Undergrad: 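Got a structure for you, questions after.
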Amino acid sequence: MLDPQLLRKKLEDTARILKTRNCDLDVARLQTLEERRKVLQVRTEELRNLRNTRSKAIGAAKAAGGGAGALMAEVKELGGELEQCEAQLNGVREEFTAIARQIPNLPHDTVPRGADESDNREERRWGEAARKDFTPVDHAELGAGLGMMDFASAAALAGARFVVMSGALARLHRALARFMLDLHTGEHGYTEVMTPFIVNSDTLYGTGQLPKFADDQFQLAGERGFYLIPTAEVPLTNLVKDRIVTAAELPMHLVAHTPCFRREAGAHGKDTRGMIRQHQFEKVELVHITRPQDSWDTLELLAGHAEAVLQRLELPYRVVTLCTGDMGFSAAKTYDLEVWLPGQNRYREISSCSNCEAFQARRMRARWRNPDSGPEYLHTLNGSGVAVGRALVAVMENFQNADGTVTVPDALRPYMNGEERIGRG
RNA sequence: GGAGAGGUGGCUGAGCGGUCUAAAGCGGCGGUCUUGAAAACCGCAGGGGGCAUUGCCCUCCGGGGGUUCGAAUCCCUCCCUCUCCGCCA
């Protein structure tokens, strides 16, 4: 949610900036609504004030033992107009917020203007794609060759976009998650958190998945309105929902390893091979809750923590800044980490690190008590540290050998009983 | 799943149709006293919003709805917490 004042007082400027995000504001409609709101709100509050004072007079008259019939009739009369005003005001407010809730965050000044991913700006590269003296294959072929990655069984169990892994590969998957958690808690100062994997709609609204992206979520049957989390960003960030935290509690550095569930409704026919895009995957997620003045430094820190994972795993990657047209709904600025995948001969996203500034905090009513002023909205940041499934893909493809075996990166060997190589049998 | 008891400001907790403009205690901030601190005493202080401008008003007692001239208080509904029973990893 943007600051409503921007939509009232700086509507034209805001609309112009939002255009770079492929978002067209109905400026005229918003202006009309704002004008009506003002009139209706003032009148409604006037009427309420009148009703309150008259009702008190009735109480006083009765206490004094007198009759109050005339007054009571008057207030009852007043109630009719009040009810009308309130109904109209609510209507205007609902339409205004319905529009406001669909508006994405404003991009930071350093974000490149652009329409799609071709306009993203590459910031830096790390590592070199290992030149092999054989033609590398992709992870799906490798996994099948090892007899440890089975898409057919997964399809029989659940359908497309699922996978069954077994043996050393399943263990490698677990090793990756453990390695990441240990790195972030042990060396980067994060607090490990175990959260629910099911949340209510209010929580999803807080981080921006609802109402606009309902089609991407798995909703559970029943009347409770439960959803499976699409990322641990949702439960972690919402830990400060409806709270005013003290300065001493900040900054918060949280890490969680959770499954993530996504409908991938708009991705038909995209990444259908292998386990790049699944309905269920695991991710180690990093969340920072900070004072407003600290969030931009924190974004660099956060991206560095995600990069450290890839560096320890010796995986080549590059960092790109997403352009205005490619950014997510809640973000003011996003760095994507793209890992090199020899099997696809290209870089693929493995982590996305965003500063949302106060956008999510405003939706969550998450504030801190600024000792110099008063309650202020927090800034929230999130980043993958990193996606476990895609990390497995990257390790397999980058560490594959000509004979179809996969070398275990040094950083993972403590989690693999010292095993150096994954091979058939 | 069944039966019962509850949800009030940062915390504890009173209030159960009309000075609720929400008691009191604890905690917090400022001051007096003190070499300093503690104690004691005095004072200050909730969140959100509107209009104006330095003040006035609206709103908030778990969420939503209703009754009433008037709701923290009565009714309906949902959520949450606790106790007992049942079931269960």
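Lettering of chains follows the sequences in order, A, B, ..., and the numbering in each one begins at 1. Computed from a predicted structure; not experimentally measured.
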Undergrad: Mind checking if A:N52 touches a base, just sugar-phosphate, or nothing, with heavy atoms under 4.0 Å?
TA: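 Counting heavy atoms under 4.0 Å across all strands, the contact made by A:N52 is with sugar-phosphate only.
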Undergrad: In a table with atom names and distances, give each donor-acceptor pair under 3.5 Å that connects a side chain of residues 98-105 of chain A to protein atoms at least two apart or in another chain.
TA:
{"residue": "A:N105", "atom": "ND2", "partner": "A:S330", "partner atom": "O", "Å": "3.0"}
{"residue": "A:N105", "atom": "ND2", "partner": "A:C356", "partner atom": "O", "Å": "3.2"}

Undergrad: Are A:R363 and A:Y205 in a cation-pi setup, meaning NZ or CZ lies under 6.0 angstrom from the ring centre and within 45 degrees of the ring axis?
TA: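 The answer is yes; both the distance and angle limits are met.
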Undergrad: Please measure how far the C1' atom in B:A23 lies from the corresponding atom in B:U77, and state the result in whole Å.
TA: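 Each nucleotide's C1' atom is 32 Å from the other's.
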Undergrad: Suppose the criterion is salt bridge (charged side-chain N to carboxylate O under 4.0 Å, His left out): which pairs have a residue in residues 236-252 of chain A, not counting sequence neighbours?
TA: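 Matches after skipping sequence neighbours: A:D202-A:K241, A:D242-A:R365, A:R243-A:E249.
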Undergrad: What is the ring orientation for A:H288 with A:Y190, classed by angle as parallel under 30°, tilted 30 to 60°, or perpendicular over 60°?
TA: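 If you compare the ring of A:H288 with that of A:Y190, the planes turn out perpendicular.
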Undergrad: State which residues pass salt bridge (charged side-chain N to carboxylate O under 4.0 Å, His left out) with A:R48; sequence neighbours excluded, sorted by chain then number.
TA: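 So A:R48 forms a salt bridge (charged side-chain N to carboxylate O under 4.0 Å, His left out) with A:E86.
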Undergrad: Could you pick out which residue, A:E46 or A:R367, lies toward the 5' side of RNA chain B when each is mapped onto its nearest nucleotide?
TA: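 Upstream on the strand: A:R367.
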Undergrad: Think A:N49 has a side-chain N or O under 4.0 angstrom from the OP1 or OP2 of B:C58?
TA: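 The answer is yes; a side-chain N or O of A:N49 sits under 4.0 Å from OP1 or OP2.
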Undergrad: What are the atom names and distances for every N/O pair under 3.5 Å that joins the protein to nucleotides 68-70 of chain B?
TA:
{"residue": "B:C69", "atom": "OP2", "partner": "A:K76", "partner atom": "NZ", "Å": "3.4"}
{"residue": "B:C69", "atom": "O2'", "partner": "A:S55", "partner atom": "OG", "Å": "3.2"}
{"residue": "B:G70", "atom": "O4'", "partner": "A:S55", "partner atom": "OG", "Å": "3.3"}

Undergrad: Rounded off to whole Å, could you give me the NZ-to-P distance for the A:K241 and B:G47 pair?
TA: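 It is 22 Å, rounded to the nearest whole Å.
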Undergrad: Any donor-acceptor pair under 3.5 Å linking the side chain of A:E285 with the backbone of A:A256?
TA: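 Pair absent, no side-chain N/O of A:E285 close to backbone of A:A256.
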Undergrad: Among pairs that include at least one residue of residues 18-60 of chain A, which meet ring pair (Phe, Tyr, Trp, His ring centres under 6.0 Å), considering only residues two or more places apart or in two chains?
TA: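 Every pair satisfying ring pair (Phe, Tyr, Trp, His ring centres under 6.0 Å) with a residue in residues 18-60 of chain A: there are none.
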Undergrad: Taking atom P of B:G66 as reference, at what distance in whole Å does atom CD of A:E83 sit?
TA: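 In whole Å, B:G66 P and A:E83 CD are 8 Å from each other.
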Undergrad: When you compare B:G55 with B:G43, how far apart are their P atoms, in angstrom units rounded to a whole number?
TA: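 That atom pair is separated by 22 Å.
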Undergrad: Suppose you measure atom C1' in B:A22 against the same atom in B:C60; what distance do you get, rounded to whole Å?
TA: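 Here B:A22 and B:C60 have their C1' atoms 13 Å from each other.
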Undergrad: Write out all pairs satisfying salt bridge (charged side-chain N to carboxylate O under 4.0 Å, His left out) with one or both partners inside residues 303-314 of chain A, taking only residues at least two apart or from two chains.
TA: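 Qualifying pairs, neighbours excluded: A:R124-A:E307, A:E187-A:R312.
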Undergrad: Write down the distance between CG (A:N90) and C1' (B:U59), rounded to a whole number of angstrom.
TA: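 So the two atoms are 12 Å apart, to the nearest Å.
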Undergrad: Answer with base, sugar-phosphate or nothing: what part of the nucleic acid does A:R365 contact at a heavy-atom distance below 4.0 Å?
TA: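 The answer is nothing, as A:R365 stays clear of every strand by at least 4.0 Å.
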Undergrad: Provide the distance between the two C1' atoms, one in B:C61 and one in B:G48, to the nearest whole Å.
TA: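 About 15 Å, rounded to a whole number of Å.
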Undergrad: Between B:G25 and B:A14, how far is it from one C1' atom to the other, in whole Å?
TA: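 Approximately 11 Å lies between the C1' atom of B:G25 and that of B:A14.
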Undergrad: Tell me which pairs pass salt bridge (charged side-chain N to carboxylate O under 4.0 Å, His left out) where either residue lies in residues 293-302 of chain A, with sequence neighbours left out.
TA: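 Sorted pair list: A:R291-A:D294.
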Undergrad: May I have the distance from A:R369 (atom CZ) to B:G47 (atom C1'), rounded to whole angstrom?
TA: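 It works out to 8 Å between those atoms.
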Undergrad: Starting at atom NZ of A:K56, determine the distance to atom P of B:C57, rounded to an integer number of angstrom.
TA: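 Checked: the NZ to P distance equals 10 Å.
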Undergrad: Using heavy-atom distances to pick each residue's nearest nucleotide on RNA chain B, tell me which of A:L50 and A:I244 is more 5'.
TA: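 Taking each residue's closest nucleotide, the earlier one in sequence belongs to A:I244.
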Undergrad: Taking only N/O atoms, report every protein-nucleotides 49-53 of chain B pair under 3.5 Å with atom names and distance.
TA:
{"residue": "B:G49", "atom": "O2'", "partner": "A:Q41", "partner atom": "NE2", "Å": "3.3"}
{"residue": "B:G49", "atom": "N2", "partner": "A:E45", "partner atom": "OE1", "Å": "3.3"}
{"residue": "B:G50", "atom": "OP1", "partner": "A:Q5", "partner atom": "NE2", "Å": "3.4"}
{"residue": "B:G50", "atom": "OP1", "partner": "A:R8", "partner atom": "NH1", "Å": "2.5"}
{"residue": "B:G50", "atom": "O4'", "partner": "A:Q41", "partner atom": "NE2", "Å": "3.0"}

Undergrad: What is the distance, to the nearest angstrom, from the CG atom on A:D202 to the P atom on B:C80?
TA: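 Distance, rounded to whole Å: 13 Å.
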Undergrad: Tell me every residue that passes salt bridge (charged side-chain N to carboxylate O under 4.0 Å, His left out) with A:E349, counting only those two or more places apart in sequence or in another chain.
TA: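 Per chain and number, A:E349 pairs via salt bridge (charged side-chain N to carboxylate O under 4.0 Å, His left out) with no residue.
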Undergrad: Can you measure A:R48 atom CZ to B:C56 atom C1' for me and round it to whole angstrom units?
TA: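 A:R48 atom CZ is separated from B:C56 atom C1' by 16 Å.
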Undergrad: Between B:G2 and B:G62, how far apart are the two C1' atoms, rounded to whole Å?
TA: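 Those two atoms are separated by 24 Å.
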Undergrad: Are there runs of at least three consecutive Watson-Crick or G-U pairs touching RNA chain B, with each pair's two distances under 3.5 angstrom? Give them by first number.
TA: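 So the stems come out as B:1-7 with B:79-85, B:10-12 with B:24-26, B:28-32 with B:40-44, B:46-51 with B:55-60, B:62-66 with B:74-78.
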Undergrad: Please give the distance between the P atoms of B:G70 and B:U21 as a whole number of Å.
TA: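 Comparing P positions in B:G70 and B:U21 gives a spacing of 15 Å.
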Undergrad: For A:D138, give me all partners under salt bridge (charged side-chain N to carboxylate O under 4.0 Å, His left out), at least two apart in sequence or on another chain.
TA: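 Partners of A:D138 by the salt bridge (charged side-chain N to carboxylate O under 4.0 Å, His left out) criterion, ordered by chain and then number, come out as A:R273.
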Undergrad: Using the C1' atom in both, what is the distance from B:C20 to B:G30, to the nearest Å?
TA: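 It comes out at 28 Å once rounded to the nearest Å.
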Undergrad: Please determine if A:E264 and A:R161 form a salt bridge, counting it only when a charged side-chain N lies under 4.0 Å from a carboxylate O.
TA: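 A salt bridge is absent here (no side-chain N lies under 4.0 Å from a carboxylate O).
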Undergrad: The criterion is salt bridge (charged side-chain N to carboxylate O under 4.0 Å, His left out); which residues satisfy it with A:R8, sequence neighbours excluded?
TA: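 A:R8: salt bridge (charged side-chain N to carboxylate O under 4.0 Å, His left out) contacts with A:E34.
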